2 protein chains.
Amino acid sequence: MKTKSRIVVAAIALFNDRGTKAVTTNHIAAEAGISPGNLYYHFRNKTDIIRAIFDEMDKYGVAEYQRISAERGPATADAVAGTFVMLQEFNWRYRFFKREMTSLVTADPVLKKRFIKTHRAMLALVRSALDVSIAQGLLRDIPARERDLLAEEIWLVTLFWPNYLELGGEKVDTGTLERGSEQLRGIMLRYVTQKGLRAFSRPGRAG
Amino acid sequence: MKTKSRIVVAAIALFNDRGTKAVTTNHIAAEAGISPGNLYYHFRNKTDIIRAIFDEMDKYGVAEYQRISAERGPATADAVAGTFVMLQEFNWRYRFFKREMTSLVTADPVLKKRFIKTHRAMLALVRSALDVSIAQGLLRDIPARERDLLAEEIWLVTLFWPNYLELGGEKVDTGTLERGSEQLRGIMLRYVTQKGLRAFSRPGRAG
DNA sequence: GTCTATAAGCGGATAGAC
DNA sequence: GTCTATCCGCTTATAGAC
């Protein structure tokens, strides 16, 4: 693996474990098996590494989403189920970022700009998934304003579920992440039609 | 004001402004108008100050909640409205804590223990408010499991709304906090009865 | 309780050899 | 690209006078 990637991998591992504050560039260099000076050849500073991780997250998320959409067809119940699972895996893989995202984004204007772009895109994605589900008759018709609030609620729960678990002293594992999916299903169920009920309760290829 | 309180007040102001990471004990001492050495007479270190702030938050929150319950009667629509407003003010006053809570709590086991206690109490509070509202016929009957999920959802939104706003690049102000209340109302409305509709849509004394 | 002075240590970052 | 050596600056924390 290239040194630059090794640094990123080492940083993610340490950040997940001890948090960005406790981890120094020296620690990262040691974990990556290189000298501190070498790290500074590849990255300006710690902030720069965090930005690189975010960019990796962004690419990974988009790629996974597109893969799922391509395999299962866009806006199918199957794709929705697969996306849930993917998001949970994603949340776990980059759990330090979820944990600290508000302070990280507040502290770094460059990161903030990139994050907001992704954030808006995700919100739009949820919103359009709702629109499609309604058009297909899987969800009952919902007034526009309520649709906006609903999309926001779904995205908020998705975004903060791991945080919520950690704060409550619950381990982030398969079981508790599954409860997050259950939360989302609970929200959807309030709007689901008979037709939708059959579609959503039928487990997708993701199990 | 006692020096110890002055330190806490100074720390809150600086933390809100620049985050706990960027603020040092020296900064806090300067802001409080005392010497660095003096600060260490009153507190062991920064962590110790953060714990003191959390304890203050805890006391303040409980006191405000009890005041509202006493003035408006427990579990009335009026009290619920007042509690919303109070929570928003609370979130603003200690906004640094909301912003960083996951990392703060992860980093300090003592704080974590105290936080979890409060967290569980709040969840129980929401749950019992739901029970009372259902008993009074303001909300339709909800199966136990769904009731748990609902309480959790309400608490999650309450807890993370300021975070959510900051992450999306929205200013935390009266308008956006009001949208948080609207989110919560949107959630409640899905369960509200005719009787409850009258009670909840009538603005409480809090406006 | 409060101050001044200062020790000790660490993290960030760079220079220059290889 | 990678290393070693090193410096600067800052933060924490303590000692001891008042």
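Keep in mind it's a predicted model, so treat the numbers as computed, not measured. Each chain gets a letter, A, B and so on, in the order its sequence line appears, and its residues count up from 1.
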May I ask you to test the A/Lys171-A/Thr176 pair for a side-chain heavy-atom distance under 4.5 Å?
no

Ion pair check, A/Asp58 and A/Arg114, cut-off under 4.0 Å: no

Is the cationic atom of B/Arg185 (NZ for Lys, CZ for Arg) positioned less than 6.0 Å from the six-membered ring centroid of B/Phe84 and within 45 degrees of its normal?
no

Assess whether side-chain contact (heavy atoms from CB on, under 4.5 Å) is satisfied between B/Ile12 and B/Glu56, documenting all intermediate values.
CA-CA 11 Å; B/Ile12 293 173; B/Glu56 182 191 301; 3.9 Å; yes

Checklist line | A/Arg179 bridged to A/Glu170 by N-O distance under 4.0 Å | finding: yes

Q.
Looking at A/Glu100 and B/Lys21, is any side-chain nitrogen of the basic one under 4.0 Å from a carboxylate oxygen of the acidic one?
A. no

Value for CG (B/Leu177) from CG (B/Leu87), rounded to nearest 0.5 Å, stands at 10.5 Å

Side-chain donor/acceptor of B/Arg120 to backbone N/O of A/Gly168, under 3.5 Å: yes

So, with a heavy-atom separation below 4.0 Å from DNA chain D, the residues of residues 5-15 of chain B are none

When B/Pro36 and B/Lys2 are each assigned the nearest nucleotide of DNA chain C, the 5'-most assignment goes to B/Lys2

- Message: Run the ring-ring contact (aromatic ring centres under 6.0 Å, His included) test on A/Tyr164 and B/His119 for me, step by step, so that the C-alpha distance in whole Å, both residues' side-chain angles and the decisive distance to 0.1 Å come before the verdict.
- Response: CA-CA 10 Å; A/Tyr164 176 81; B/His119 181 268; 5.4 Å; yes

Sorted by number, residues from residues 18-29 of chain A placing a heavy atom under 4.0 Å from DNA chain C are A/Thr24, A/Thr25

When rounded to whole Å, the OH to P distance for the pair B/Tyr40 and D/dT12 reads 5 Å

Note: chain B reaches DNA chain C at heavy-atom distances under 4.0 Å over the stretch, first to last nt, 5' to 3', of C/dG1 to C/dT4

Cationic tip of A/Lys98 within the cone over A/Phe160's six-membered ring, i.e. under 6.0 Å and within 45° of the normal?
no

